[in-house]
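Structure, as structure tokens:
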Amino acid sequence: MLSRLRRAGLPYLLLLPALLAELLIHLIPMAVGVVMSFKLLTQFFIRNWSAAPWAGLDNYRVAVDFRAPIGESLLNSFWVTCSFTFLAVGFSWLLGLAAAIFLQESFWGRGILRTIFLIPYALPVYAAVITWSFMFQRDTGLVNHVLHDQLHVIGDKPFWLIGDHSFIALIVVSVWKTWPFAFLTLMAGLQNIPRELYEAASIDGANVWQQMRQITMPALRPVNQVLVLVLFLWTFNDFNTPYILFGQSAPEAADLISIHIYQSSFVTWNFGYGSAMSVLLLLFLLLVTAVYLAFTSRWRDADA
Amino acid sequence: MRSHPIAIPCTLLVALAAAACDRGSSTSGAGNNAAPPPKTLSYWASNQGTSLENDKQILEPELKKFEQQTGIKVKLEVVPWADLLNRILAAAASGQGPDVLNIGNTWSASLQATGALLPFDDATFAKIGGKDRFMPAPLAATGAAGKPPAAVPLYSMGYGLYYNKKLFQQAGITNPPATWDELIADGKKLTIGGKYGLAIEGANVSENVHHAFALAKQHGADFFDAAGKPTFDSPGAVAAIKQYIDFIAQDKIAAPGNAEYAANQSVADFATGKAAMLMWQVVGANLKTRGMNPDDYGVAPVPVQAGATGSKATSSMVAGINIAVFKNTKNLDGALQFVKFMTSNEESITLCKAFGSIPPVKEAQSDPAFATPELKTISSVLASNAAPLPQVANESQFETLVGTAVKNLFAAAAAGKPTTTESVKAELVKAQQQMPAS
Amino acid sequence: MPKSPMAPPASFLWIRRIFLTVLTLFTLTPACVMVSSSLKPLQDVQGPFRWIPSTLTVRPYIDMWSTVPLWDYFVNSVIVSICATVLSVAIAIFAAYAVSRYRFRGRRVFTVTVLSTQMLPGILFLLPLFLIFVSIGNATGLALHGSRGGLILTYLTFSLPFSIWMLVGYFDSIPRELDEAAWVDGCGPLRTLFQIVVPAAVPGIIAVSVYAFMTAWGEVLFASVITDDTTRTLAVGLRGYATQFDVYWNQVMAASLVVSVPVVAGFLLLQRYLVAGLTAGAIK
């Protein structure tokens, strides 16, 4: 009888450490953060946040009032982040996929290339991004030196860290950092595809590209489903890259939502407002994830 | 009974967890009894020297002196600027922080509003030697008017116009400019051969706000009205910022590339002779490390409008570092003793000499170490032609919003977009509308 | 000699060569910049860019230890990252075993909750987390703020969701027959876990360990608030090269290279397992 209880209780016991950790670090602080979003939590009240006056939905109202400057800049930041994430994840995934496919067959130098391609993932984030910011400097950076002085591809030396081109710089750095992870995951997924499928297809007369379309891509679907979702979430929430590239005030063209919220809360001492924006961000991501999972599961089921 | 297989991994986990939960630092004690005050203090110093280690090397001997005098051990932590405000914020929110700390003097009013800092009323000031020991200008930058100061001045700094003597000679200019018209004229003469007349740190939010403030004062405008409401879009403020942006946009005496400078590149440009003039806070020590001797450059007050007097002759904001005490400190007497020590004549002289700044303590200023041309010029500016940044609770927001607005305007100007009064005003209106309604 | 039907056409080979070359250049350029800048004197680094240093100097590699207490930061990072990794993987193994092998009430809720934590923006719970740490410190005397322990706890939780997710997938691919064979032999569930499942899942566990380690190694935001100068990690400490006076680019690059060497070496060693480990774990 005791052993039956033990057996029934065992899964819960196994989950307990994970639950406790999540509760302490993620769930309770998040709940506190949500409560903060309903309060007027500025520098006047920060010393005793629980005694701060309730602001009801005011913080949210300000955030979604898109005609006023605060709401407008939040909306702008949101669009910038969406297009940034779409492009960065898209390119990272394409590069990772191409590299994984090309490195499937063994050839001389494959092991070396695999190691080289892992370097961006192995370097400390701060060092990698600071090196890129160093390279993107207008007057003394490598990018302009190569493009302007050596290759003569462009006329005037453009700015990469301020102004409109900062969006491009942000994407380049993000893709550089992210694609190795996609590469690793897809390479692993490719290992699972039996070679017999390819052999049979080539005997049937399919060329390399057709094989890719008909064998590789469908087999990778489950891997891709998880990979793209995870990359999307990580990239959308990415704080380090814009913070190290641009400091605490990012140019408008590259004003990612994580930096935007940071500036609205930590830098300007308005935590109620920053929390409200974070909660809105969380709701948006929940929605996207739910839609994505529903969509891809249906697609997967139809496939099987 | 055979041992349960879960025992080993569980023990391992617990052991690891216990080992991992080691304290890297001592907290300010969970003091909950009426025992005699602890003989320790924790002190957060800001980065004033060439590196964090350099700061430690300068401060440790002084802290030892303090320990010998009073028996109180001071635990020093030098916090980099990137983290300082975040750490203070977390400390204010949680009540868990140092006993004594350095703050940028422009933060005084904002931090005062949190209520986390000990107010220095007259009685408290008496414990550290009295208010009269300090120069009036740095003292004005310690909190909102009408309230007791939230901090005490520690290091004093101000802006000066540094100019390259050799380049001036080559261009045939005998005296440094005293008005903006002269500066622009000189700048144009100096902008030849790939060199520029002026170096600007255009992407540095604080630098932008400091210059914007002084210029606005010269146009008779303030960024806040008497009631504390923001007036970023007043004609004077707009004109002031347009004047600053025009150095790149219209007068073209500063390189367009300066719009992205935020890592002291303008100081580097000045030191290597790529720019002939630089407006910066007491940068002599920094220039020395870059190979520029005091003989190579001269220092003049930052220009003002022709014929300006009174507050319109403000040539610099009052810059500096204040030292504050956390209200939650468990060693109030020790903390005050430490503040008294750090602002004593002797320590003021020693530390300001080491960091290349000006002592805010009247008596200390007469030390010959501060009689260099650079420091004398800036001291006199501080004494008569300087004003503190607005001491309002929303000061941090103001700095961020206006500084970012100027950064955006510089970016637009450097990209070749036209800078007009309207475009400047639009940017400032946008900044003002993002100020919280208080 | 007839070409085997499996051999790719010449066009494919050429596309592959060009693509891989461009990709290699793209990937390696920052690394080359780091190496070259780390050997330059400071004036070189601040002046117009040059591929080759004007004077080759190893000074940055010497000065970098004294500008910033690099060794202390390195030790802190290593301790925090390894502890966080070990704990995270251990906890994830238990949780993944439960989710994979048992059908219990709340299984769905658990997986969804754990997955949803991936969406939390760090800014939302940074300050509340610090406040909670301080409250715990005041209530129990166990100081989590400013200590390595607090950081370890935080990091292990950050990598937990993805680790559990991956391990569930991996455990799922290990056939139940192995489990059942163990039960027949008289093993309890935990014995089965440690003697059958874990050994079969070693590649997946290594992959998850690498992910957990890199998460802890590179995190900046929380480390900047939770640590003080004795417990500061590399991710935050490297910012100390940007001082009031100057940004010591050459030293930052040198320091970054030096601290990355062990990590890259580790990657090299674990490469095989990484690839194999991510395989089944990625398929759900």
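Here is how names work: the chains are called A, B, and so on, in the same order as the sequence lines, proteins then strands, and each is numbered from 1. All heavy atoms count here, side chains included; hydrogens, waters and symmetry mates do not.
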- Message: Evaluate C:L42 against B:R290 for side-chain contact (heavy atoms from CB on, under 4.5 Å), listing each step before the verdict.
- Response: CA-CA 9 Å; C:L42 195 56; B:R290 294 170 191 268; over 6 Å; no
Could you tell me which portion of [X] (side chain, backbone, both or neither) has an atom closer than 4.5 angstrom to a non-hydrogen atom of chain B?
X: C:T227; answer: backbone
X: C:V236; answer: side chain
X: C:S66; answer: backbone

- Query: Out of B:G49, B:A91, B:P80, B:A285, which one racks up the most heavy-atom pairs below 4.5 Å with chain C?
  - Reply: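 Top option by heavy-atom pairs under 4.5 Å: B:G49.
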- Mind ranking B:E77, B:Q265, B:Q48 by heavy-atom pairs under 4.5 Å with chain C and telling me who comes out on top?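 Option with the top pair count is B:E77.
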- Item | Residue selection (most heavy-atom pairs with chain B, distance under 4.5 Å) from C:Y241, C:F130, C:F133 |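 Among C:Y241, C:F130, C:F133, the one with the most close pairs to chain B is C:F130.
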- Message: Taking NZ in B:K327 as the centre, count heavy atoms belonging to other residues, nucleotides or ligands within less than 6.0 Å. Is the count above 12?
- Response: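 Buried by this count: over 12 neighbours within 6.0 Å.
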Atom group of [X] that falls short of 4.5 Å from chain C, counting heavy atoms:
X: B:T272; answer: neither
X: B:A271; answer: neither
X: B:V283; answer: neither
X: B:N47; answer: both

Minimum heavy-atom distance between [X] and [Y], given as atom pair plus value:
X: B:A93; Y: C:L127; value: CB-CD1, 4.3 Å
X: C:V68; Y: B:E53; value: N-CG, 4.0 Å
X: C:D229; Y: B:V78; value: OD2-N, 4.4 Å

- Task: Pull out the residues in residues 243-254 of chain C that come under 4.5 Å of chain B, heavy atom to heavy atom, sorted by number.
- Result: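 Only C:T243, C:Q244, C:F245, C:D246, C:V247, C:Y248 of residues 243-254 of chain C have a heavy atom under 4.5 Å from chain B.
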- Query: Which value, rounded to the nearest 0.5 Å, describes the distance between B:S94 atom OG and C:I132 atom CD1?
  - Reply: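 That separation rounds to 12.0 Å.
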